[in-house]
Amino acid sequence: MLDTAIIKQLEDIVGSGNVLTKKADLVTYSYDATADMPSQLPDVVVMPATTAAVQKIVLLAKEKSLAIYPRGAGTNLSGGTIPLKKGIVLSFQKMDKILEVDPENLTATVQAGVVIQALSDAVAPYGLIYPPDPGTVTTATMGGSVAECAGGLRGLKYGVTKHYIMGMEVVLASGEIFRFGGKTVKNVTAYDFASLFVGSEGTLGIITEIIAKLIHPPKFRKAMLASFKRLEDAGNTVTGIIKAYVIPATLEIMDKMTIQTVENYAKVGLPTDAEAVLLIEVDGGAQQLVDSEAEAVLKVIKENNGEVKIAQSDTERDQLWAARRAALPALAQLSPTTVLEDATVPRNRITEMLVAVQKIAAKYQLKIGTFGHAGDGNLHPTILADARNKEEMERVHQAVDEIFAAALKLGGTLSGEHGIGMAKMKYLKSELGESGLNLMRRVKEALDPDYMLNPAKMVPVKG
Amino acid sequence: MKTTPYDKLEEVQDALAKCMKCGNCMAVCPVYLTEKEEGAYARGKLSIAEAILKGDLDLKDDDVQEKLFNCLVCTSCMQNCPCGVDVCKIMLSLRAALARETGLHPIKKVIFGALKNQPFFDKAMKAGAALQWMGLRKLPGNAGYEPRFTMGLSIKRIFPGLAATPFRDQAPELIKAKNRKTKVSFFTGCAFNYIFPDVAQDVVEVLKENDVEIAIPKEQQCCGIAVFAHGDIESARVLARKNIDVMEKTGADYIVTACGSCGESWQHGFKELLSEDPLYGPKAEYWKSRTYDISTFLTKVIDYKKPTGRVEATVTYHDPCHLKKVMKVFTEPRIILNAIPGVTLKEMAKPDACCGSGGSYTITHLETSMAITGRKMDDIRKTGADGVITGCPGCMMQLSEGLANSGQDHVATHYISLLAKSYREARKSKTEEIKHAA
Ligand SMILES: Cc1cc2nc3c(=O)[nH]c(=O)nc-3n(C[C@H](O)[C@H](O)[C@H](O)COP(=O)(O)OP(=O)(O)OC[C@H]3O[C@@H](n4cnc5c(N)ncnc54)[C@H](O)[C@@H]3O)c2cc1C
Ligand code: SF4
Ligand code: SF4
Ligand code: SF4
């Protein structure tokens with residue numbers, strides 16, 4: 001329990017209704033969406049509504065040597081918001097104002113706690129969209145998605161969060177408020193700070209405001225489902241489409257285990273005898289363009305022995321997408337614990353990665369369904385287990401180790417979009433080497449010498 | 001009898017383990033959307049449940065209890081849950097465990113005790129004195145009733161007035177039909193019986209118009225959803241069994257309801273409560289598939305008489321949680337509304353967002369409840385409709401209060417009343433035609 005004087009000071013800053021200290025409340029901030037993680041109660045949860053309040057909290061925490069864990073919706077999948085070293089959970093969920101939508105400059109300025117969907121809803125009347133769409137659009141905050149550099153289904157053509165962040169306001173560990181960037185398309189003033197803070201997982205600064213880039217939505221689209229009897233054919237189709245000069249908006253894959261589970265759960269008419277299916281959508285500003293891209297895609301599918309079903313109406317399109325959206329729920333229903341991984345490889349190594357995952361599943365006698373963003377080489381091997389079964393979890397841990405090793409061997413990376421947090425910290429050295437770890441430490445200490453911000457995440461705490 | 005999670009808390013372990021903590025439920029929880037705190041919605045509540053089972057939190061702790069009751073049991077979270085977690089079962093099991101350990105709140109005990117004894121409850125509800133006994137004080141004029149006790153929680157609330165004569169005192173126990181299509185038993189529920197007898201009359205009128213023979217047994221009890229929700233499992237079971245007995249005696253083919261909570265009880269609650277009861281379990285199962293909301297009964301079970309009388313109205317329809325999310329009834333009321341000549345249905349954004357009532361939730365958590373209703377009022381206002389239609393008396397009360405608070409002079413209406421009105425209009429013009437001809 002924290003000193004009551006500190007609690008009192010926090011209450012003076014944000015009001016007593018925005019400071020939580022009861023155990024029943026603290027329990028609910030001791031976890032995030034990550035399976036199989038240790039949990040810890042914070043000392044206190046503080047819910048600011050303004051940058052000024054955030055600054056005061058940081059100064060107080062600095063003075064009292066308390067850790068601060070910035071927290072959005074707590075939906076991250078890397079243990080990023082678990083308050084391991086106790087201290088203050090700084091919840092942004094009440095700091096959720098959309099400050100401005102500027103249709104002329106194609107920007108929106110929002111507070112960090114704005115939910116992605118709320119931003120989308122606010123810009124829709126202007127005929128604009130904010131493209132990053134992680135599976136959690138209706139819950140995840142802009143701050144959290146910026147801090148994780150969240151991706152989504154449209155990453156291949158439209159990019160990920162980092163491509164849409166034009167400026168920010170950040171409260172630094174020193175307590176200084178720093179604004180950078182703005183509404184200009186071009187800006188090379190000083191270092192590229194957006195690159196520093198996007199994906200920093202709350203370890204380098206506290207994001208309070210974000211200037212996001214908006215775009216006009218594509219007017220026309222065409223969706224199709226291709227099924228394959230051999231994994232290689234699916235993999236070759238992915239690279240073949242790119243070679244045919246088409247960048248689909250979405251290019252998703254589901255493996256056999258996922259297909260069968262989805263079909264069993266949702267009865268959407270997926271071919272259960274296929275080794276893999278690809279869900280492909282092309283879009284664009286003109287019908288003709290979309291048609292010719294779809295033509296090109298169809299040709300590639302045929303060349304690779306795929307069977308194809310084209311959505312003829314919006315309803316049919318929605319049905320195809322419902323199948324993809326059902327992937328995680330369907331798998332999750334099979335067992336109590338769902339370990340969702342995020343290994344990513346260059347897209348021309350997708351087949352090898354899928355085969356590697358299947359071999360690992362067989363070796364450790366685990367159920368693993370793999371689906372993901374094939375066009376991005378970003379796979380989500382999903383391990384189904386029961387955390388209450390110690391022996392099984394041991395096999396899960398070994399399988400996860402091997403999945404990461406396989407991804408790195410194929411020239412890939414530990415995480416495509418879920419981040420490092422505490423879940424993947426121990427693997428960092430295998431990707432970045434000693435020099436990389438040293439650089440991370442130096443960057444961390446330059447901005448946050450006392451390891452006050454989200455300690456024990458991304459960079460191991462000193463000593 | 002084998003135990004259920006309602007009898008033994010440990011039995012919720014498996015249901016609880018299914019939660020993957022994804023947080024999807026956050027997006028739709030009316031309480032969370034108001035309070036913006038993790039403990040307000042399912043993921044947080046389930047983690048509290050886990051902590052209780054592990055012994056890290058004490059069920060009897062006031063703060064823990066407050067969390068358990070800060071829930072409308074609206075099932076919105078369950079519609080958005082990828083893992084199929086039965087959040088409501090877990091919540092109600094926790095409340096049941098709490099009631100077992102600490103006993104019910106004394107005032108609630110008196111009220112629920114009375115609910116089990118229908119004649120006594122009836123008398124009590126009818127007698128003005130009963131209101132005082134229930135903790136209500138009549139306000140001057142027609143202003144309604146105000147609770148005298150605080151039930152340990154902050155409440156200051158005005159109730160709608162009670163009907164002068166409860167519905168079941170006005171209605172005959174059997175209404176025969178000349179060209180009988182089928183026979184139903186009308187399960188009225190308390191709200192229609194005591195507060196909206198005129199809507200219950202509309203239900204009867206519509207059934208009559210469709211040549212349906214109607215039993216309205218006087219002995220029927222409250223559905224018990226309120227006692228169930230407060231963890232008084234044994235009382236809920238007593239009510240469920242009595243209701244089953246009473247309904248069985250009528251010899252009806254179907255049970256018809258017009259209240260989401262009552263329908264839910266027959267379609268879901270009774271079975272939950274009696275799942276391990278060798279005698280009543282199968283009976284509950286039988287009636288589960290023979291209970292219909294009146295809208296489903298009209299549109300899917302019988303081929304109802306299409307309304308021809310004009311009712312000039314631009315309306316919007318609110319989906320009651322228990323009707324849409326448990327009974328899966330949402331197209332049928334719209335089919336009926338759209339069939340009425342003169343009625344224009346304008347959908348609001350999120351018609352199935354909870355209205356904030358949640359039975360006693362609106363009394364115990366007034367502020368959050370009214371904030372939820374406030375959002376609903378905004379959505380309603382934006383449609384430009386001048387009538388608010390719904391399908392449950394609980395929602396009618398809540399929405400009417402919301403309308404009154406936002407300075408509007410109309411009240412929420414049950415869709416069945418519009419259909420009854422259309423039938424009446426048709427009859428009226430027919431009589432006029434005959435008069436004319438003569
Ligand atoms: C079912 C499911 C599906 C998902 N699908 C995807 C997907 O398709 N693509 C994808 O990329 N991710 C996905 N995710 C992961 C997750 O949703 C995203 O990473 C999301 O962006 C996290 O947002 P949040 O608001 O919940 O952040 P949180 O989980 O609260 O925080 C995430 C990190 O950001 C930091 N942070 C939060 N707010 C701030 C702030 N204001 N300033 C500084 N740091 C901050 C935290 O300290 C933490 O390190 C999924 C997760 C789930 C559970
Ligand atoms: S039942 Fe309703 S109020 Fe309760 S947690 Fe679920 S969504 Fe929230
Ligand atoms: S949506 Fe279901 S699985 Fe996800 S956190 Fe809520 S209850 Fe748990
Ligand atoms: S739902 Fe409410 S009003 Fe309807 S019978 Fe049950 S307790 Fe009584």
Side-chain angles (χ1 to χ4, degrees), chain A residues 17-18 20-35 37 39 41 45 47 49 71-77 89 91-96 113 115 117-118 121 135-140 265 325-340 382 386-388, chain B residues 13-29 32-70 77-86 94 349-350 367:
Chain A
N18 295 313
L20 306 178
T21 54
K22 291 173 179 160
K23 192 169 175 195
D25 280 311
L26 300 181
V27 163
T28 65
Y29 291 86
S30 65
Y31 55 80
D32 51 33
T34 323
M37 282 284 118
S39 69
L41 303 194
V45 178
M47 297 172 285
R71 186 180 184 283
T75 67
N76 75 85
L77 293 167
V89 163
S91 167
F92 277 89
Q93 291 180 295
K94 290 188 183 177
M95 191 157 156
D96 61 351
V115 172
Q117 187 65 49
D121 292 345
T136 44
V137 270
T138 60
T139 53
Y265 166 78
R325 271 193 299 272
L328 183 58
L331 290 168
Q333 297 262 1
L334 289 189
S335 70
T337 309
T338 311
V339 178
L340 191 58
T382 304
D386 187 340
R388 295 169 293 184
Chain B
Q13 287 280 14
D14 282 345
L16 207 47
K18 279 171 111 184
C19 171
M20 66 186 264
K21 301 233 160 36
C22 66
N24 276 10
C25 43
M26 183 179 354
V28 291
C29 174
Y32 169 77
L33 293 172
T34 309
E35 300 181 350
K36 298 279 170 78
E37 288 176 17
E38 183 74 18
Y41 70 99
R43 179 170 71 165
K45 286 166 179 151
L46 298 180
S47 72
I48 288 173
E50 278 171 22
I52 292 169
L53 284 167
K54 266 198 246 149
D56 291 344
L57 279 177
D58 183 359
L59 190 55
K60 284 175 285 201
D61 183 336
D62 282 348
D63 305 332
V64 173
Q65 291 187 28
E66 168 48 29
K67 293 275 184 277
L68 300 186
F69 283 96
N70 191 16
C77 46
M78 290 162 62
Q79 318 303 313
N80 232 26
C81 174
C83 303
V85 178
D86 195 339
L94 285 160
K350 295 184 248 146
E367 215 176 303

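Below, chains carry the letters A, B, ... as their sequence lines are ordered, and counting in each starts from 1.
- Inter-residue side-chain proximity for A:Asn76 and A:Thr34 is flagged as met; some heavy-atom pair is nearer than 4.5 Å.
- By the 4.5 Å heavy-atom criterion applied to side chains, A:Thr28 and A:Leu20 are not counted as neighbours.
- The list of side chain to side chain donor-acceptor pair (under 3.5 Å) pairs with a residue in residues 18-29 of chain B, not counting sequence neighbours, reads B:Lys21-B:Glu50.
- Of the atoms belonging to A:Ala35, not a single heavy atom falls under 4.5 Å from chain B.
- Per-residue heavy-atom pair counts under 4.5 Å with chain A were compared for B:Gly23, B:Cys83, B:Cys19, B:Cys81, and the maximum is reached by B:Cys83.
- There is no contact between A:Arg325 and chain B, counting heavy-atom distances below 4.5 Å.
- Proximity to chain A at a heavy-atom threshold of 4.5 Å picks out B:Glu35, B:Lys36, B:Glu37, B:Glu38, B:Gly39, B:Arg43, B:Gly44 from residues 34-44 of chain B, in numerical order.
- In this structure, the portions of B:Ala17 lying under 4.5 Å from any heavy atom of chain A include both its backbone and its side chain.
- The local environment of NZ in A:Lys94 is crowded, with over 12 non-hydrogen atoms from other residues, nucleotides or ligands closer than 6.0 Å.
- Contact of A:Asp96 with chain B is made through the side chain alone, with heavy-atom distances under 4.5 Å.
- Shortest non-hydrogen contact noted between B:Ile48 and A:Ala24 is CD1-O, 3.5 Å.
- Taking the side chain as every heavy atom from C-beta outward, A:Lys23 and B:Asp61 never approach each other to under 4.5 Å.
- In this structure, a donor-acceptor pair under 3.5 Å is present between the side chains of A:Gln117 and A:Asp121.
- You'll find the side chain of A:Leu26 stays beyond 4.5 Å of the side chain of A:Thr21, heavy atoms only.
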